Structures are given as C-alpha cells and as structure tokens.
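I have placed the structure first, in the form of structure tokens, so that the comments after it can refer back to it.
Values below: all heavy atoms of this structure, side chains included; hydrogens, waters and symmetry mates excluded. No experiment lies behind these values; they were computed from the predicted model shown.
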Amino acid sequence: MTRAERDEKEKERKKADYDKRHKEGKTEEFAKDMARLVEARKRREGLEAKKKEEEEEANARAAAEALQRASFFQAGDDEEEDEANAKLDPREVKKMNPKQLKEELKNRGKPTQGNKNDLIKRLLECS
C-alpha cells in the first residue's frame, strides 16, 4: 500500500468518524447549529405572537368602527326616512325620471321594477 493510498484511507476514516460524532451531537459545529436553531425558533415565535396581537387589535378596531357606523346609520336613517317621506308630494314624484323613482323606492324598501307609471304609482302609495 502506497503512502497516498494510506493518506486517502485515513482521510475517509476521519470523515466517517466525524460524521458519526456529528450525528450523535458531540461536535462543536453541531452545538453551534443547535444554538442558531434555538435562536431562530425564539425569533419566529416572537414574530408570530406579535402578528397575532396586531391581528387581534385590527379586528377589535374594525369591530368597534363597524358598531359605531351601524349605530350612526341607524340614528341617521330614521331621521332621513322621516324627511324623505315628508318632502314627497305627487307633483314632485311625477317630475322624477325612472332612475330617481327607483332610487326613492329602494330607500323605502319597495320593488323597483316596472315602467315609469308603475314606479310613480308605487311611490305615491307608500308615501
């Protein structure tokens, strides 16, 4: 056996030994890798927790805004409906075009299909 062959065999044996110790967790490189993994996990968990908190805050804000809008519109709708119902008279209704008639009917929750005469009749009946 030549010197080059012996060196090659020794090199292979050392590599196999190192790989075996690395799998068992007995090398410095393994310890460093594990420390980096632990840090990465902590960082990820922190980011996930922060993201959850931000989502919860955003959901809470959205719910509060929706509730505020709903209460505002409920209070405003009653006043607007009273004003709209009081303002309509037959002459004004007959001057409206079909688009305006349909919009008024929609505000009152009535069907919006039909020709202009049907729309006028329906709007005058509900006001």
Salt bridge (charged side-chain N to carboxylate O under 4.0 Å, His left out) between Glu104 and Arg108, worked out: CA-CA 6 Å; Glu104 288 294 327; Arg108 288 171 170 69; 2.8 Å; yes
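Distance CG/Asp118 to OG1/Thr112: 12.0 Å, rounded to 0.5 Å. Between atom NZ of residue Lys51 and atom CD of residue Glu48 there is a gap of 8.5 Å, rounded to the nearest 0.5 Å. With rounding to the nearest 0.5 Å, the separation of CG in Asp33 from CZ in Arg36 is 4.5 Å. Residue Gln100 holds its CD atom at 9.0 Å from NZ of Lys116, rounded to the nearest 0.5 Å. Glu24 CD to Lys20 NZ: the interatomic distance, rounded to the nearest 0.5 Å, is 5.5 Å.
With a 6.0 Å radius and a threshold of 12 heavy atoms from other residues, nucleotides or ligands, Gln113 has its CD atom at or below the threshold. Residue Glu103 places its CD atom among 12 or fewer non-hydrogen atoms of other residues, nucleotides or ligands, all under 6.0 Å distant. Heavy-atom contacts from other residues, nucleotides or ligands closer than 6.0 Å to CD of Glu28 number 12 or fewer.
Scanning for side chain to side chain contact (heavy atoms under 4.5 Å, CB included) contacts around Thr27 gives Tyr18, Arg21, His22, Glu29, Phe30, with sequence neighbours left out.
With respect to Lys15 and Asp19, a salt bridge is recorded, a charged nitrogen being found less than 4.0 Å from a carboxylate O.
You'll find the side chain of Lys9 stays beyond 4.5 Å of the side chain of Arg13, heavy atoms only. Side-chain contact between Arg3 and Arg6 is present, with at least one heavy-atom pair separated by less than 4.5 Å.
Of the residues listed (Lys106, Lys94, Met96, Arg122), the one engaging Leu101 in a side chain to side chain contact (heavy atoms under 4.5 Å, CB included) is Met96, and it is the only one.
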